[in-house]
Amino acid sequence: MKKVRFNTLRGMRDILPQEIHLWQYIEEKVRKIFEIYNFKEIRPPILEAAELFLRSIGEDTDIVEKEMYIFHDKKGRTVALRPEATASVVRAYIEHRLFNNPPPQRFYYIGPMFRYERPQKGRFRQFHQAGVEVFGIAEPLIEAELLYMVKRLFEDMNIRDLTYEINSIGCLNCRAEFKQLLLDYLENKVLKLCSDCQRRFQRNPLRVLDCKVESCKNSLSDAPLILDFLCDECEAHFEEFKTLLKEFDIDFIINPKIVRGLDYYTKTVFEITTPSLGAQSAVVAGGRYDNLVESFGGPKTPAVGFAIGMERLIEIFKDFSFIKPKYPTVYVAYATEELRKDAINLARFFRDSEISAEAVYENTSLKSQLRKADRFNAYWVIIVGPEEMKRSSYRWKNMRNGLEGEATLEEIVKLIKK
RNA sequence: GCGGACGUAGCUCAAAGGUUAGAGCACUGGACUGUGGCUCCAGGCGCUGCGGGUUCGAGUCCCGUCGUCCGCCCCA
């Protein structure tokens with residue numbers, strides 16, 4: 001038989017036991033703060049109808065155009081691995097009529113997302129997001145509270161050097177007006193723009209504004225900013241949002257260039273960035289999407305959400321030396337080979353008593369057993385020996401301080417559980 | 001999708017085109033026949049990412065491919 005070696009696919013990786021405790025620690029932190037804010041966990045499927053993402057994220061966005069894992073199932077349906085979770089949560093919210101519950105309805109999720117991109121630092125094809133969505137509240141208070149919640153999470157994890165960037169991209173009304181204004185402005189410049197922007201000019205002119213090509217930036221230096229053309233309502237919303245952030249003691253900067261790569265946003269958008277991630281500076285991103293629920297056939301429902309990039313959060317979380325993996329509490333060894341089975345049985349007894357235990361299954365010297373116990377970082381070693389058996393007792397050894405003694409099983413359990 | 005760097009033992013890295021590809025750490029066993037960590041000794045480390053080519057001879061040079069990293073684009 002020909003031997004084949006398999007590896008993870010590009011951009012995918014195994015999270016091994018040696019780092020999983022770090023993930024578990026961070027997931028617990030995230031869950032805890034979300035639940036304090038009354039967010040309820042929701043777990044939508046990872047595979048959805050591709051249409052769901054086309055209609056929410058937008059067909060002209062990079063995510064949909066070139067980054068989606070999209071394929072046909074055996075019935076010929078076009079399905080996609082989710083590139084983000086908001087669309088799924090909105091779908092579930094409507095599908096299960098969760099809007100019949102009183103607002104605010106708050107949901108959170110933690111799970112894998114998929115984007116077919118070129119991997120690099122902080123960027124993977126399968127990555128994880130922890131995110132929240134709030135339905136039913138139009139007040140900017142919600143956005144401000146969400147940012148405050150994230151700020152608390154970062155403080156709790158002792159993560160600093162973050163920049164809170166905010167912007168408003170208006171509602172359907174002011175955006176329509178602004179779009180016309182922008183088109184007029186771009187009219188006689190369009191030939192000077194890069195090829196991407198020429199296409200954007202046709203299909204999604206707002207995205208011309210955040211082109212990174214130097215020549216485009218130059219010719220757009222005096223371009224109108226949507227921030228200056230918000231309608232009265234959007235303007236008031238943004239003003240109140242800023243006032244609340246100040247009240248909540250959140251330092252922020254206004255970045256009029258944030259438009260977000262997803263079409264469903266309205267009014268508030270925000271991004272939290274760090275200098276320590278190289279080119280992938282965003283750790284958290286989100287915003288308001290007041291039209292999405294309605295456009296998916298639900299009742300008109302304002303909504304806000306954000307997502308945290310878990311890999312990026314872990315990357316900037318420096319203080320993890322104190323997080324220790326879980327070790328077995330006891331390691332059961334035997335002094336002579338005939339007692340091997342007794343040792344295994346003793347391990348079974350410990351496990352039945354909810355004490356985590358590891359044991360030696362092969363025939364080997366006591367010395368090597370102790371060495372293994374050390375390697376496993378076991379706290380206690382219990383040795384089954386012939387002399388002790390006669391007195392129906394066992395030898396115990398504390399691997400942290402080297403102390404040892406002899407005791408009955410009852411005494412040992414008491415010692416361990418102390 | 002575009003550009004650059006790099007792929008050698010489980011890990012970190014050596015080996016100016018020339019014997020049988022090495023070292024440290026780690027692993028296994030022993031010195032210590034019922035006791036880990038320190039020390040010493042011994043042992044196995046390998047399709048040099050993969051596939052072609054050049055050459056008397058390739059880990060080394062060339063081409064392709066896959067992968068990793070770093071930029072660009074975009075994003076979490």
Side-chain angles (χ1 to χ4, degrees), chain A residues 2-13 16 18 57 61-67 82-86 110-131 150 194-197 200 207 210-214 216 258-262 271-274 277-286 305-316 331 333-337 339 362 364-389 394-406:
Chain A
K2 198 175 177 182
K3 284 182 190 165
V4 223
R5 292 183 61 151
F6 292 108
N7 296 100
T8 52
L9 295 172
R10 172 165 234 202
M12 313 271 164
R13 52 186 209 130
L16 298 172
Q18 60 201 41
I57 296 167
T61 59
D62 279 6
I63 291 180
V64 165
E65 266 183 353
K66 47 182 212 190
E67 296 170 6
R82 62 182 186 193
E84 56 108 38
T86 300
I110 302 179
M113 308 294 158
F114 302 83
R115 289 184 201 173
Y116 197 90
E117 294 185 272
R118 190 81 171 256
Q120 54 179 274
K121 189 182 179 70
R123 190 165 82 188
F124 307 93
R125 289 185 171 180
Q126 175 175 337
F127 61 101
H128 299 79
Q129 288 186 337
V150 176
C194 69
S195 58
D196 276 349
C197 283
R200 291 177 184 134
R207 299 194 56 82
D210 74 341
C211 184
K212 303 293 191 300
V213 177
E214 208 53 41
C216 290
I258 302 181
V259 299
R260 314 259 67 248
L262 303 92
E271 207 164 279
I272 304 177
T273 59
T274 167
L277 273 175
Q280 279 60 242
S281 56
V283 184
V284 177
F306 70 73
I308 304 173
M310 294 297 280
E311 281 81 359
R312 294 180 185 181
L313 182 62
I314 285 173
E315 185 70 29
I316 60 173
Y331 194 90
Y334 56 84
T336 55
E337 226 247 296
L339 296 173
E362 71 276 26
T364 187
S365 67
L366 181 61
K367 179 185 182 61
S368 126
Q369 296 178 54
L370 265 289
R371 200 155 43 210
K372 284 197 173 86
D374 189 42
R375 289 280 299 157
F376 275 111
N377 260 303
Y379 199 94
W380 302 95
V381 172
I382 309 300
I383 301 167
V384 184
E387 295 306 312
E388 293 85 347
M389 283 292 259
Y394 301 93
R395 192 131 197 102
W396 57 264
K397 178 164 187 172
N398 181 324
M399 296 296 275
R400 295 296 139 87
N401 57 23
L403 293 177
E404 56 182 299
E406 191 177 323

Nearest listed nucleotide, side chain of [X], among [options]:
X: Glu387(A); options: U35(B), G34(B), G1(B); value: G34(B)
X: Ser365(A); options: G30(B), G34(B), A76(B); value: G30(B)
X: Asp62(A); options: C69(B), G36(B), C73(B); value: C73(B)
X: Ala282(A); options: C75(B), G71(B), G36(B); value: C75(B)
X: Lys121(A); options: C70(B), U35(B), C75(B); value: C70(B)
X: Glu117(A); options: G3(B), U35(B), C74(B); value: C74(B)
X: Lys66(A); options: C73(B), G29(B), A76(B); value: C73(B)

(Q) With rounding to the nearest 0.5 angstrom, report the CZ to CG distance, Arg371(A) to Leu366(A). (A)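 Taking CZ in Arg371(A) and CG in Leu366(A), the distance rounds to 11.0 Å.
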
OP1 or OP2 of [N] under 4.0 Å from side-chain N/O of [X]:
X: Arg10(A); N: U68(B); result: yes
X: Arg115(A); N: A76(B); result: yes
X: Ser368(A); N: G29(B); result: yes
X: Gln120(A); N: G71(B); result: yes
X: Thr364(A); N: G29(B); result: yes

Q) Charged N to carboxylate O below 4.0 Å: is that the case for Arg395(A) and Glu387(A)? A)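 So Arg395(A) does not pair with Glu387(A) through a salt bridge.
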
Does [X] reach a base, just sugar-phosphate, or nothing at all? Heavy atoms under 4.0 Å.
X: Leu313(A); result: nothing
X: Glu404(A); result: base
X: Gly131(A); result: nothing

Q | Under 3.5 Å donor-acceptor, Arg125(A) side chain and Met12(A) backbone | A |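 It does not hold such a pair.
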
Q. Judged by atom type as modelled, is there a donor-acceptor pair below 3.5 Å linking the side chain of Arg13(A) to the main-chain atoms of Gln126(A)?
A.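 Pair absent, no side-chain N/O of Arg13(A) close to backbone of Gln126(A).
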
Can you measure [X] atom [atom1] to [N] atom [atom2] for me and round it to whole angstrom units?
X: Phe376(A); N: C27(B); atom1: CZ; atom2: P; result: 12 Å
X: Glu337(A); N: G34(B); atom1: CD; atom2: P; result: 13 Å
X: Phe114(A); N: A76(B); atom1: CZ; atom2: P; result: 16 Å
X: Trp396(A); N: G34(B); atom1: CH2; atom2: P; result: 22 Å
X: Phe127(A); N: C75(B); atom1: CZ; atom2: C1'; result: 8 Å
X: Arg118(A); N: U68(B); atom1: CZ; atom2: P; result: 10 Å
X: Tyr331(A); N: G37(B); atom1: OH; atom2: P; result: 14 Å
X: Arg123(A); N: C75(B); atom1: CZ; atom2: P; result: 10 Å

With a 4.5 Å heavy-atom cut-off, do [X] and [Y] have their side chains touching?
X: Ser281(A); Y: Arg312(A); result: no
X: Asn377(A); Y: Tyr331(A); result: no
X: Arg115(A); Y: Ile63(A); result: yes
X: Met113(A); Y: Pro83(A); result: no
X: Leu339(A); Y: Met389(A); result: yes

In whole Å, what separates the [atom1] atom of [N] from that of [M]?
N: A9(B); M: G53(B); atom1: C1'; answer: 28 Å
N: A31(B); M: G67(B); atom1: C1'; answer: 45 Å
N: A21(B); M: U48(B); atom1: P; answer: 10 Å
N: G18(B); M: C11(B); atom1: P; answer: 27 Å
N: G17(B); M: G7(B); atom1: P; answer: 14 Å
N: A14(B); M: G49(B); atom1: P; answer: 14 Å
N: G43(B); M: G22(B); atom1: P; answer: 14 Å
N: C25(B); M: C6(B); atom1: P; answer: 29 Å

Q) 5'-most contact on RNA chain B: Ala307(A) or Val384(A), nearest heavy atom basis? A)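 This one resolves to Val384(A).
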
Q. Between Met310(A) and Leu366(A), who's closer to the 5' end of RNA chain B by nearest nucleotide?
A.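 Nearer the 5' end of the strand: Leu366(A).
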
Under a 3.5 Å limit for both distances, which nucleotide forms a Watson-Crick or G-U wobble pair with [N], could you say?
N: C6(B); answer: G67(B)
N: G29(B); answer: C41(B)
N: G34(B); answer: none
N: C47(B); answer: none
N: A21(B); answer: none
N: G1(B); answer: C72(B)

(Q) Protein within reach of the bases, or only the backbone? For nucleotides 38-46 of chain B, mark each nucleotide 5' to 3' as B, S or -, using heavy atoms under 4.0 Å. (A) ---------

(Q) Between the base of C75(B) and the side chain of Arg312(A), is one N or O donor paired with an acceptor at under 3.5 angstrom? (A)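 Yes, the side chain and the base share a sub-3.5 Å donor-acceptor pair.
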
**Q.** G34(B) base / Gln369(A) side chain donor-acceptor hit below 3.5 Å
**A.**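 Side chain to base: no pair present.
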
Q.
So which atom in Arg400(A) and which in Tyr379(A) form the shortest heavy-atom distance, rounded to 0.1 Å?
A.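 It is NH1-CD1, 3.3 Å.
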
Q. At their closest point, which heavy atom of Met310(A) faces which heavy atom of Ala130(A), and how far apart are they?
A.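 Minimum heavy-atom contact is SD-CB, 3.7 Å.
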
